[in-house]
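The structure appears below as structure tokens.
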Amino acid sequence: FSPSLSRTNQFPVGNNRSCRHRSKSCDSVRRHTSVDHDEASDNTIDTDINAADSIHSATLASASHTDLTRLDELPIHNSVASDAGPLWKEELCDDPALCTVIPHRGRPRKRVLVLCTGGTLTMQNDAMKGNSLAPVQGALTKYLAGMSELTSDPEMPEIISHEYTPLIDSSDMGPGDWAMLARDIYTNYYYFDGFVILMGTDTMAYAASALTFMLQNLGKPVIFTGSQIPLREPYNDARKNLIMATIFASSDTMSEVAIFFHDRLVRGCRATKVNTSKLKAFDSPNLPPLAEIGINIIENDHLFRPPPRGSFKINTAMDTRMITLRLVPGFDDASIKAMIDAARQTHLKGLILQLYGTGNLPSLKDGLIDCLASAAKAGVVVVATTQCVTGSVIMGHYATGQKLLGAGVVSASDMTIEATTTKLAYLLGRQDLTISEVRDLMTVDLRGEMTPEKELPPPPLASTYQKVIAKKNRSRIY
Ligand SMILES: NC(=O)C[C@H](N)C(=O)O
């Protein structure tokens, strides 16, 4: 069963007006695009309109769910990115060495789409590159086809995998690649029970956070994973991560983006990479894991996102005209002010400050506060995050942070830096929102990325009474 990618253009999505890759597939997508987006919604895909097509196709697909011969007709890939990232340097091809279908034999099984972008999992030492690790195209596909635990275990889902060309290190990935993944999930949404995204660990928490915002009303699991040791090594963490991600991607009860790594499943927009070399590379500092694996799999399903109430949509536009500044005691605020002023000349839209503790900066540096206030007044969304790994920004708790409130700075609460940056880029990319709405929404929980205020732990110096009340509130969710 080798999937045919030649039919991939029959359910086109997106605006291909600025398609960089003049090719048969671009032309075909152009021909089939049923919605003409205007300038304002260049990268925004309102998939409600196209959803009708997909629902119809999904009906066809599910009617033949057990018909193996139809597997090779699934639309594995039809994304044509107008805001393409590095993964789109080369046009996708139909090469069977880069995608595989692992069919099930016997009773109907769940079906999972594995999209592979690269990362250590796919790598091997390359003599041509100073013996450093680099991705090997086709290696995953070959390996998957030989995994008997996937092909012959009736409990395991059926896997259809696809490798992008070229495979890349996740340090090379960015918003264009995240948009491409969102579009490919959208295109294939009704054909699969869940999705696995294989990528490098370095920027995985950013990608998972970004996808969390891009995929609206997600009703299926989208599980990111990768590894610290390549799959081709005899001792590796890749095999287990891949298998467990596939299992979670076929879950009936999950409808969110998550990362599976080592022994834990964590919410994508709560995750952060915490270790460069240990196999336990990810943590979720402000939310317990969604699941933990040992001899048993323990699901904390009370933490799972509830199923969506609306139809699945994607919104892939991201406005990345933002900078992130981490303060250091004794920093040169004249340079910081100059940097902010210079960035404003190039239409800075967002400024994320990594501050001390609960969101404090030196109170004596009024020049800097004035600079932030004037940026906020001019329409820049200024967001305060904390340098602490765990806990939340509490604006105004200390006098040193109080001044920020007056300057129009908004709090990132207990969001990770990954969630804060991608959420801001996502909201700034939404053409339907005003700057004041973007500011308001930064402090509202959209996808489980932050703990709602009433459930946050009390401030350090709260009265005993306040602490008891806050504890009661918290016990409602955990
Ligand atoms: N473990 C990894 O995958 C790291 C690699 N540099 C990447 O992010 O692609």
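Atoms within a ligand are numbered from 1 in the order they appear, just like the ligands themselves.
- Heavy atoms only, all atoms of each residue included: V274 and K280 are closest at CG2-O, 4.2 Å.
- Heavy-atom contacts of G119 reach the following atoms of ligand 1: 9 (O) (cutoff under 4.0 Å).
- Looking only at heavy atoms of the protein, atom 9 (O) of ligand 1 is closest to S170 N, 2.8 Å.
- What sits closest to atom 4 (C) of ligand 1 on the protein, heavy atoms only, is T120 OG1, 3.2 Å.
- Within the cation-pi definition used here (under 6.0 Å to the ring centroid, within 45° of the axis), K220 qualifies as a partner of Y189.
- Contact annotation: for S227 versus ligand 1, heavy atoms closer than 4.0 Å belong to the backbone alone.
- Near Q228, meaning under 4.0 Å from one of its heavy atoms, ligand 1 places the atoms 1 (N).
- A donor atom on one side chain and an acceptor atom on the other are not found under 3.5 Å apart for S209 and E418.
- Ligand 1 has no nitrogen or oxygen under 3.5 angstrom from a nitrogen or oxygen of K273.
- Not one N or O of T203 is nearer than 3.5 Å to an N or O of ligand 1, by distance alone.
- Between M442 and T420, the closest side-chain pair of non-hydrogen atoms falls below 4.5 Å.
- In terms of N/O distances under 3.5 Å, ligand 1 is approached by D202.
- A donor atom on one side chain and an acceptor atom on the other are not found under 3.5 Å apart for S227 and N241.
- Within the listing of ligand 1, atoms 3 (O), 7 (C), 8 (O), 9 (O) sit less than 4.0 angstrom from a heavy atom of G200.
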- Could you go through the side chain to side chain donor-acceptor pair (under 3.5 Å) check for T385 and R326 one step at a time? CA-CA 9 Å; T385 66; R326 185 182 173 99; over 6 Å; no
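- With 3.5 Å as the limit, one finds no donor-acceptor pair spanning the side chains of S411 and S413.
- Considering only non-hydrogen protein atoms, atom 1 (N) of ligand 1 sits nearest to T201 OG1, 2.7 Å.
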